[in-house]
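This report refers to the structure that appears directly beneath it.
Since the structure is predicted, the reported quantities are computational estimates derived from the model, not experimental observations. Every heavy atom of this structure was used, including side-chain atoms; hydrogens, water molecules and symmetry mates were not.
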Amino acid sequence: MSTDTAVGVDLNSLKRVLEIDEELSRLRDEESRLKKERGTLESLLCEQYALGNVTSMNVDGKTCYLRTDKSASVPAEHRGGMVEWAEREGLEDMIVLQPQRLKSWAKEYIEEHGALPEAIADKVRLYEKVSIRVRSA
């Protein structure tokens with residue numbers, strides 16, 4: 001039996017599935033384009049907020065504000081050293097295997113002690129990402 005004339009298959013439904021797939025592909029492309037444009041504008045706006053010493057603005061019934069997310073990661077070349085240190089400290093599962101827990105541990109540790117332990121300071125990459133967030137005013 002030919003696959004284009006199979007008995008019992010609703011060809012209209014199959015054609016609709018193909019249309020939906022094409023539309024989803026187009027929407028993913030559009031989403032990617034919009035995210036790239038937003039990222040470019042966001043970078044510019046973050047600089048402008050900083051230069052103008054602005055923390056938030058109300059626009060069209062929305063509050064637009066800066067948010068700084070702090071994060072931490074262990075580059076692949078330092079994972080062995082981190083594992084050894086974490087095992088000595090009893091933190092191996094938290095520090096090395098779960099990035100979110102590493103992030104929160106590093107943040108708390110730095111808040112309490114001012115910096116990471118000297119033994120791992122060169123093994124952990126700390127960074128901040130500033131972004132524009134929006135909420136209803």
Side-chain angles (χ1 to χ4, degrees):
M1 180 176 296
S2 171
T3 57
D4 58 349
T5 60
V7 176
V9 174
D10 180 353
L11 288 180
N12 289 328
S13 293
L14 186 55
K15 287 179 182 181
R16 181 64 183 138
V17 165
L18 296 174
E19 290 171 357
I20 290 169
D21 285 350
E22 287 179 23
E23 180 71 6
L24 287 170
S25 177
R26 187 191 65 74
L27 289 171
R28 280 190 292 272
D29 291 345
E30 180 69 3
E31 179 185 28
S32 178
R33 185 192 67 75
L34 289 171
K35 283 182 175 182
K36 183 176 179 180
E37 180 182 356
R38 187 186 193 285
T40 300
L41 292 171
E42 185 174 53
S43 293
L44 174 68
L45 289 166
C46 286
E47 289 177 26
Q48 292 173 352
Y49 268 58
L51 288 172
N53 203 25
V54 175
T55 57
S56 68
M57 295 178 62
N58 290 327
V59 179
D60 296 335
K62 307 243 186 240
T63 300
C64 304
Y65 62 98
L66 286 183
R67 177 176 168 158
T68 302
D69 289 312
K70 296 179 181 183
S71 199
S73 66
V74 178
E77 65 268 19
H78 295 301
R79 287 206 179 112
M82 267 302 286
V83 168
E84 291 172 11
W85 177 86
E87 286 173 345
R88 285 193 307 272
E89 299 295 319
L91 302 170
E92 64 274 358
D93 62 330
M94 180 180 79
I95 301 298
V96 180
L97 303 177
Q98 298 180 12
Q100 285 301 102
R101 292 183 73 187
L102 170 63
K103 174 183 163 182
S104 61
W105 176 85
K107 181 181 174 185
E108 290 174 15
Y109 194 93
I110 291 169
E111 285 175 0
E112 186 175 328
H113 300 94
L116 289 175
E118 189 175 317
I120 63 165
D122 64 337
K123 293 174 179 55
V124 178
R125 182 182 304 142
L126 301 173
Y127 50 96
E128 293 183 342
K129 182 179 185 321
V130 180
S131 59
I132 299 284
R133 296 295 175 112
V134 180
R135 67 173 178 255
S136 296

- request: Report whether Leu41 and Val54 are members of the same hydrophobic cluster (ILVMFWY, side-chain heavy atoms less than 4.5 Å apart, transitive linking).
  value: no

query: Has the side chain of His78 got a donor or acceptor atom that lies under 3.5 Å from a matching backbone atom of Val74?
result: no

query: In terms of hydrophobic clusters joined by side-chain contacts under 4.5 Å, are Met57 and Val134 together?
result: no

Ion pair Glu31/Arg28, N-O distance below 4.0 Å: no

query: Which value, rounded to the nearest 0.5 Å, describes the distance between Ser73 atom OG and Met82 atom CE?
result: 10.0 Å

query: Which atom names give the shortest non-hydrogen contact between Trp85 and Pro117, and what distance separates them?
result: CZ2-CG, 3.8 Å

task: Run the salt-bridge test on Glu19 and Lys15 with the 4.0 Å N-O cut-off and return the result as yes or no.
output: no

message: Donor-acceptor check, side chain of Glu42 to backbone of Ser131, threshold 3.5 angstrom: yes or no?
response: no

Side-chain donor-acceptor pairs of residues 59-72 under 3.5 Å, sequence neighbours excluded:
{"unit_1": "Thr63", "atom_1": "OG1", "unit_2": "Asn58", "atom_2": "OD1", "d": "2.8"}
{"unit_1": "Arg67", "atom_1": "NE", "unit_2": "Asp69", "atom_2": "OD1", "d": "2.9"}
{"unit_1": "Arg67", "atom_1": "NH2", "unit_2": "Asp69", "atom_2": "OD1", "d": "3.2"}

- prompt: Is there side-chain contact between Arg33 and Asp29, with heavy atoms separated by less than 4.5 Å?
  reply: no

- prompt: Below 4.5 Å, heavy atoms only, C-beta onward: do Leu34 and Glu37 meet side chain to side chain?
  reply: yes

message: Measuring from atom CG of Leu102 to atom CG of Leu91, what distance do you get when rounded to the nearest 0.5 angstrom?
response: 10.5 Å

For the student: nearest non-hydrogen atoms of Ala106 and Leu126, plus distance: CB-CD2, 4.3 Å

query: Is Trp105 close to Arg101 at the side-chain level, that is, under 4.5 Å between some pair of heavy atoms?
result: no

task: Would you give the length of the straight line joining atom CD1 of Ile132 to atom OG of Ser43, rounded to the nearest 0.5 angstrom?
output: 9.5 Å

- request: Find out whether Val130 and Tyr49 are in side-chain contact, i.e. whether some heavy atom of one side chain is under 4.5 Å from a heavy atom of the other.
  value: no

statement: Taken in chain and number order and not counting sequence neighbours, the residues that satisfy side chain to side chain donor-acceptor pair (under 3.5 Å) with Gln100 are none

task: Applying salt bridge (Lys or Arg N to Asp or Glu O under 4.0 Å), name anything that partners Glu22, two or more places apart in sequence or on another chain.
output: none

